[in-house]
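Read the structure below first, then the notes.
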Amino acid sequence: MSSAILFTAPPLPTPSINRSTLSFTAAASSASNFPPTPDKLAILLDKSNSIHHLLQIHAALLRHGLHQHHILNFKLQRSYSSQGRLDYSLALFNRTRNPNIFFYTSIINAHALHGLSQEALFIYTQMLYEGVQPNEFTFSSILKSCSLEHGKMLHSQVIKLGFDSDLYVQTGLVDVYARGGDVGSARLVFERMPEKSLVSLTTMLTCYAKHGELKEARLLFDGMVKKDVVCWNVMIDGYAQHGMPNEALVLFRRMLAAKARPNEITILAVLSACGQLGALESGRWLHSYVDNNGIRVNVRLATALIDMYSKCGSLEDARLVFDKIYDKDVVAWNSMIIGYALHGFSHDAIELFNEMCRMGLRPTDITFIGVLGACGHAGLVEKGWSFFNAMRDEYEIEPKIEHYGCMVNLLGRGGRLEEAYELVKNMKVEPDPILWGALLGACRLHGNLELGEKIAEYLVSHNLANSGTYILLSNMYAAKGNWEEVARIRTLMKDSGVRKEPGCSSIEVNNRVHEFLAGDLKHPKTEEIYRMLEEMNGWLKAHGYTPQTEIVLHDIGDEQKEQSLEVHSEKLALAYGLISTQPGTPIKIVKNLRVCSDCHAATKLISKITSRKIVMRDRNRFHHFVNGSCSCGDYW
DNA sequence: AGATTTACTA
């Protein structure tokens, strides 16, 4: 940020003569209003709601020698800013001699509101340099747009100048520490506040929610006597953004029960939760709630709907929403492209990408996640390479680790392991465990023990191994029948203290999401579920199905291994789906990890036996099981 | 005569 940029004022507006200008001028210069007094101009300024009016008044100020009038300039500047014309605002500020604290505060606030924090800070320091003392209003404005480091410096100035007992300033400080990730300091300032407003409570609530401290957040939330839509939103979104989507949904229902009125932001958060859960019924209900309650479906809301529908398995509905957006932005295109990719409709995803480019929109890094993912699901290696190269060469987007991940998946699927390994070795960014996991997964798929061992060893020795590393490696040895190595890996995993992330599957029935962990006995219908499970096993055996006991990582007998497979979360959810939905209707299941290969094989067969379509979303993509086969073509 | 704080979609 240089002063040259900031203080080179754009040319002052030259009012143009048009209809509205003429009538306005006529009003301003009618006999009783002429010459305009500052009072009258102030009233006009407060009433003005268009940039034309503001320019007219500005012209009047200049014509009548009022262009150094502090209050009028202040008001004019504020109106320019609120019309989004920060350039006029700043020009006016720079042409006003010796701006006072009101003017300084207001121009700082305007920059802060427009996200121009560097500029806001620069003006603030300029103000200090000019010898103008900040007050509590200035602090609450400047605190919005500063880093933790600057926040600390401002905090000491706040104390020095004695504004630390001001409610607004305190709230601003809590917010600064919260945004800077210093939850402890935020809490300290917060707890020292003698009086806490709804806003300051919400600020602290946001702090907890943003940093994943949902228990603390909920405690604070439950203690709030007065709740407005904002604090409901913070709490619901906190759950949605931290892997607790069901809690978000449950809280949303309580919000409705408490007669609080959701707004667009509430809906965005809850749609995200529905998407994560695959809760299509709830998502549809929300969509109709939006339509029935006068909430405008703008491009953001529409995008959230697309995301929800595609994650809930209804690409058709996603497309309907997409087609209705008249001002599609790149985010909307991205989510539709990703939707197609997620479902394995790779060619549609790529076609949509081309269409988007034809419309003149510039793809972003997220767009490439979509098309590279699409290539991966369809095994389009050359196409993938051309996207990957175009990304850098044509669109000047530096590939991120996620893009390398897509490429590794793609090359891995095509069996081009060495190529994938070379890519990883030569990339400029540091590989992360997810990327290594993708490569390791490819090694397992093609039985390339040599490379797999090399990678796993590297990961273990660098303390980068996660549960997936051990499991993949163990599966590789198991596939080769090397049971000693399987046992060794198991011990290694135990010693490392790494625990497997528990698999969790969920299914939505009657607007409620039912979650299952492996071997879960918590569901009220547990008995019926397990009876169904037995029946399913009977069907599978009758069709000559052999459980894939070799993928079980525990040191137990074969029979117990079979039993441990039988109660996998996917199968529990499936069993519950079979007993609680109408015959012939599709069953939709969501799993938090990748679907296990035994469950995948079993589900294929069950789709055939029961003549039901089973849609399963795992961490990576959708699997549509129909009549004994899966849309992923057994690669995932 | 004049002002400041909370929530946000891949």
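Everything numeric in this text was worked out from a predicted model, so none of it was measured. Residue numbers start from 1 in every chain, and the chains themselves are labelled A, B, ... in the order their sequence lines are given, proteins ahead of strands.
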Below 4.0 Å: OP1/OP2 of B/dT4 and any side-chain N or O of A/Lys144: no
Nearest-angstrom distance from the residue atom OH of A/Tyr177 to C1' of B/dT5: 17 Å
A/Ile71 side chain reached by A/Pro38 side chain, heavy atoms, under 4.5 Å: no
Side-chain donor/acceptor of A/Asp39 to base of B/dA1, under 3.5 Å: no
Interatomic distance, A/Lys196 NZ vs B/dT6 P [rounded to whole Å]: 19 Å
Qualifying residues under side chain to side chain donor-acceptor pair (under 3.5 Å), relative to A/Asn620, sequence neighbours excluded: none
Distance in angstrom units between A/Ile236 CD1 and B/dT9 P, rounded: 15 Å
B/dT6 base / A/Thr203 side chain donor-acceptor hit below 3.5 Å: no
Separation of atom CG in A/Leu220 from atom P in B/dT6, rounded to whole Å: 17 Å
For atom CG of A/Leu305 and atom C1' of B/dT9, their distance in whole Å: 10 Å
Residues A/Arg218 and A/Tyr208: side-chain donor-acceptor under 3.5 angstrom: no
For atom CG of A/Leu271 and atom C1' of B/dA7, their distance in whole Å: 16 Å
Side-chain heavy-atom pair A/Glu402, A/Phe368 within 4.5 angstrom cut-off: no
Aromatic plane relationship, A/Phe163 with A/Phe139 - under 30° parallel, 30 to 60° tilted, over 60° perpendicular: tilted
No-hydrogen, no-angle side-chain donor-acceptor test under 3.5 Å, A/Tyr340 and A/Arg319: yes
Contact residues, residues 286-297 of chain A to DNA chain B [heavy atom, < 4.0 Å]: none
Interatomic distance where CD belongs to A/Gln133 and P belongs to B/dA3 [whole Å]: 21 Å
Rounded distance in Å - CG (A/Asp46) to P (B/dA3): 9 Å
